[in-house]
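Take a look at the structure below.
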Amino acid sequence: MKMTAVLNDITKLKVDAIVNAANCSLLGGGGVDGAIHRAAGRRLYEACLKFGGCRTGEARITPGFDLPAGFVIHTPGPVWHGGGRGEADLLKSCYLNSLALAEENGCRTVAFPGISIGVYRYPLHAATEIAVGTVAAWSGKLPEEVIFCAFSEEVLGVYLETLKRFADGQ
Ligand code: AR6
């Protein structure tokens with residue numbers, strides 16, 4: 001598994017699938033979710049409506065519609081409540097369920113935003129450790145490459161530092 005980090009707007013990435021840090025309605029919101037729904041167009045909203053929502057930690061897949069990405073994998077991350085409400089396991093599930101859907105749908109390249117590190121307030125370093133650790137341990141045949149898409153220099157720096165640590169064997 002190749003892992004990289006970039007500083008970019010995830011809606012611009014020409015990959016097989018981008019992951020959306022959604023909420024349980026799957027019907028859009030602010031942050032990266034709002035950006036993805038705006039860029040993908042009305043058909044994404046209509047496709048998401050059919051799911052009737054999604055539990056935290058689970059994932060659903062749709063086409064990318066007007067996006068350059070082929071698919072969008074929607075996963076509601078946990079809201080941070082201090083760490084005592086299973087947040088780490090739920091966040092890990094977001095990554096695992098997204099990777100499983102990517103594999104089932106033949107996706108070779110997948111880009112993840114920082115799930116839960118925005119309005120859901122998951123501490124950045126702890127969330128990044130789970131993101132990189134879970135992807136690094138994935139033993140499926142696909143995806144072949146995962147791109148961690150940061151939206152600020154600060155977040156990019158934490159991804160790069162964490163990736164380096166994993167490459168060096170921690
Ligand atoms: N490309 C890449 N990353 C982005 C983009 C973008 N275009 N826009 C924001 N980010 P958040 P959450 C980063 O709050 O914490 C929504 O309203 C952002 O800087 O989008 O999982 C949903 O509907 C941050 O680092 O997601 C939910 O209600 C990261 O993406 C709720 O927010 C995640 O921030 C989910 O909260």
Side-chain angles (χ1 to χ4, degrees), residues 3-42 44-49 51-62 64-83 85-99 101-102 109-132 134-135 145-163:
M3 297 190 291
T4 52
V6 299
L7 180 61
N8 209 336
D9 175 348
I10 203 166
T11 66
K12 308 285 187 226
L13 299 183
K14 207 172 169 211
V15 288
D16 294 325
I18 62 170
V19 176
N20 181 16
N23 59 54
C24 290
S25 77
L26 297 188
L27 300 180
V32 70
D33 193 9
I36 289 172
H37 273 266
R38 274 193 301 279
R42 176 85 194 168
L44 182 66
Y45 175 84
E46 282 158 9
C48 286
L49 207 49
F51 293 120
C54 178
R55 291 208 185 107
T56 302
E58 294 186 0
R60 302 286 184 269
I61 192 165
T62 64
F65 298 108
D66 297 342
L67 289 164
F71 294 97
V72 181
I73 296 168
H74 308 261
T75 183
V79 177
W80 180 256
H81 289 291
R85 293 206 204 164
E87 291 96 328
D89 285 342
L90 288 166
L91 187 60
K92 186 174 176 184
S93 293
C94 289
Y95 284 91
L96 289 175
N97 287 321
S98 298
L99 290 165
L101 277 179
T109 52
V110 177
F112 280 94
I115 300 166
S116 288
I117 67 168
V119 300
Y120 282 179
R121 304 182 318 271
Y122 205 110
L124 174 59
H125 284 83
T128 305
E129 196 74 22
I130 289 172
V132 174
T134 306
V135 172
E145 181 178 3
V146 164
I147 299 162
F148 294 104
C149 184
F151 206 49
S152 71
E153 291 282 358
E154 185 203 4
V155 172
L156 178 68
V158 176
Y159 276 128
L160 291 174
E161 179 192 298
T162 310
L163 286 171

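As the structure lists them, so they are numbered: ligands from 1, and atoms in each ligand from 1. These figures come from a predicted structure and were not determined experimentally.
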For [X] and ligand 1, does the shortest N/O to N/O distance drop below 3.5 Å?
| X | value |
| --- | --- |
| Ala150 | no |
| Gly118 | yes |
| Arg121 | no |
| Ile115 | no |

Task: Within residues 30-41 or reaching into it, pairs that qualify as side chain to side chain donor-acceptor pair (under 3.5 Å) - sequence neighbours excluded - done: Asn20-Asp33
- [ ] Not counting sequence neighbours, list each pair that qualifies as a side chain to side chain donor-acceptor pair (under 3.5 Å) and has a residue in residues 111-124.
- [x]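 Side chain to side chain donor-acceptor pair (under 3.5 Å) check on residues 111-124 returns no pairs.
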TODO: Please check atom 29 (C) of ligand 1 for a protein heavy-atom neighbour under 4.0 Å.
DONE: yes
Open item on the list: Test your reading of the model: is there a side-chain donor-acceptor pair from Ser25 to the backbone of Gly53, 3.5 Å cut-off?
Closed with: no
Open item on the list: Contact between ligand 1 and Ile36 is defined here as a heavy atom of the residue under 4.0 Å from a ligand atom; is it met?
Closed with: no
Task: Sub-4.0 Å heavy-atom approach of Ser152 to ligand 1 - done: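 Under 4.0 Å: no for Ser152.
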TODO: Write down the atom of Ile18, the atom of Leu67, and the distance for their closest heavy-atom approach.
DONE: CD1-CD1, 3.9 Å
- [ ] Specify side chain, backbone, both or neither for Ala35, according to which of its non-hydrogen atoms lie closer than 4.0 Å to ligand 1.
- [x] side chain
Task: Structural part of Thr11 in contact with ligand 1, heavy atom criterion under 4.0 angstrom - done: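 Near ligand 1, Thr11 shows nothing, with every heavy atom at 4.0 Å or more.
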